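So the structure is just underneath, and the comments pick up after that.
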Amino acid sequence: MALNTNMLVFAFTIFSLFGSLLSCPPNVMVATYGTPNVTVATDGSGNFGTISEAISQIPVNRNDPYVVLIKAGTYNEAIHIGQNKSNLVLIGEGMDKTIIQFNNSAKTVRSTSDSATVDISANDVLVKGIRFVNYVGPDGGQAVALRLAGDRIALYQCSIQGYQDTLLTAYGIHFFRECDIYGTVDFIFGFAHVVFQNCNIYLRKRSNSGNLLVITAQGRGKVNDTNGIVLHNCTVKADKDLEPYLNQTKAFLGRPWYNCSQTIVMESFLDKLIDPKGWLENGDKKALSTLNYIEYANRGPGANTKGRVQWPGYHIAKNSEEVKPYTVENFINGTIWLPSSGIPFVPGLIG
């Protein structure tokens with residue numbers, strides 16, 4: 001995917017105005033930069049009582065950042081942030097304090113995509129310290145907690161919680177740092193260019209609906225497309241509700257949603273729940289030749305590659321040169337737009 005240089009330079013300029021914003025707690029941010037544009041609070045102390053109200057009044061097609069401080073509380077609402085609300089900064093008071101939740105599913109709305117608790121389609125969006133939840137439950141089917149469909153969306157110290165189809169990185173360029181993602185089946189999926197760095201990936205119990213768990217379902221459609229999912233220096237392990245059932249569980253790093261699915265897991269810790277095969281078929285044998293699944297320098301009891309699948313499209317990278325195209329610097333052009341966001345990141349490999 002060719003990234004638009006002018007758009008990236010513009011984003012860099014926008015983010016520089018709030019360079020330290022995401023590295024500070026909300027109270028420090030307020031003290032340093034003055035009052036945010038608006039504050040949302042459930043107790044009546046803010047400009048708005050709901051996030052939807054605050055988003056609806058944001059001026060559209062702006063050229064300057066707009067900061068929304070979302071104070072601690074539980075917000076029971078489904079939120080859509082449209083394409084004309086770009087250059088937006090959403091600051092919560094911590095993933096355990098600022099919680100946005102709803103319970104739509106593909107069974108109750110038109111589609112899986114429409115089930116998202118929060119849907120962000122705008123470009124140049126920064127998010128810190130918020131928990132996104134779809135609480136439809138383990139037997140509720142496809143239900144998205146967070147959907148992203150814009151360019152240069154970055155999340156820092158956030159939590160995304162659901163079961164099947166938790167996080168839809170639909171389209172665009174995305175970065176997650178120090179985030180917690182919870183789910184059961186295909187719970188990180190989509191067509192975007194996305195890197196997860198230093199994130200915790202928690203597999204959850206599927207209640208009575210089976211013991212097969214899958215982390216990723218990436219949707220690259222052509223072998224010359226460059227979109228994909230990258231897990232870099234992440235930790236993959238069981239959530240506490242799954243731990244008593246590990247002997248009955250088969251967990252996999254991913255399966256191909258589309259035939260040319262692309263997923264890279266590198267320099268990450270894989271706990272014992274990962275099945276020795278590592279990856280799972282999804283019905284179409286042709287995809288096993290056209291997908292691109294790579295593992296590199298992973299660690300932990302689930303990282304042993306001796307029993308891995310023998311697909312033509314899967315391989316174990318032997319040296320760093322093979323995976324350099326999938327670093328933050330190269331895969332999402334992160335060194336252009338991330339430095340002034342205040343979000344820490346490693347541009348290359350850690351080893």
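These figures come from a predicted structure and were not determined experimentally.
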salt_bridge([X], [Y]) N-O dist < 4.0 Å:
X: Glu321; Y: Lys324; answer: yes
X: Lys285; Y: Glu281; answer: yes
X: Asp241; Y: Lys205; answer: no
X: Arg220; Y: Asp225; answer: no

Could you check whether [Y] and [X], counting side-chain N and O atoms only, form a donor-acceptor pair closer than 3.5 Å?
X: Asn84; Y: Asn61; answer: no
X: Tyr182; Y: Thr166; answer: no
X: Ser159; Y: Gln161; answer: yes
X: Gln218; Y: Gln262; answer: no
X: Asn292; Y: Tyr326; answer: yes

Run the side-chain hydrogen bond (donor to acceptor under 3.5 Å, both in side chains) test on Tyr293 and Ser261 for me, step by step, so that the C-alpha distance in whole Å, both residues' side-chain angles and the decisive distance to 0.1 Å come before the verdict.
CA-CA 8 Å; Tyr293 286 168; Ser261 180; 2.9 Å; yes
Do [X] and [Y] touch side chain to side chain, with heavy atoms closer than 4.5 Å?
X: Leu88; Y: Ile120; value: no
X: Val194; Y: Phe176; value: yes
X: Glu178; Y: Pro344; value: yes

Atom CG in Asn259, atom CG in Leu291: separation rounded to 0.5 Å?
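Between atom CG of Asn259 and atom CG of Leu291 there are 8.5 Å.
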Taking the six-membered ring for Trp, are Phe191 and Tyr171 parallel (under 30°), tilted (30 to 60°) or perpendicular (over 60°)?
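The rings of Phe191 and Tyr171 lie parallel, inter-plane angle below 30°.
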So, for [X] and [Y], which heavy atoms are closest and what is the spacing to 0.1 Å?
X: Lys277; Y: Arg308; answer: O-CD, 3.3 Å
X: Val144; Y: Asn134; answer: O-ND2, 2.9 Å
X: Asn104; Y: Ala78; answer: ND2-CB, 4.5 Å
X: Asn37; Y: Val67; answer: OD1-N, 2.9 Å

Criterion side-chain contact (heavy atoms from CB on, under 4.5 Å) against Phe175, the qualifying member of Phe331, Phe196, Trp337
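Exactly one option meets the side-chain contact (heavy atoms from CB on, under 4.5 Å) with Phe175, and it is Trp337.
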Option from Asp119, Ile130, Thr169, Ile160 for which side-chain contact (heavy atoms from CB on, under 4.5 Å) with Leu146 holds
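The residue from Asp119, Ile130, Thr169, Ile160 that satisfies side-chain contact (heavy atoms from CB on, under 4.5 Å) with Leu146 turns out to be Ile160.
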Honestly curious: do Tyr156 and Leu338 fall in one hydrophobic cluster under the side-chain, below-4.5 Å linking rule?
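The answer is yes; both residues are in one hydrophobic cluster.
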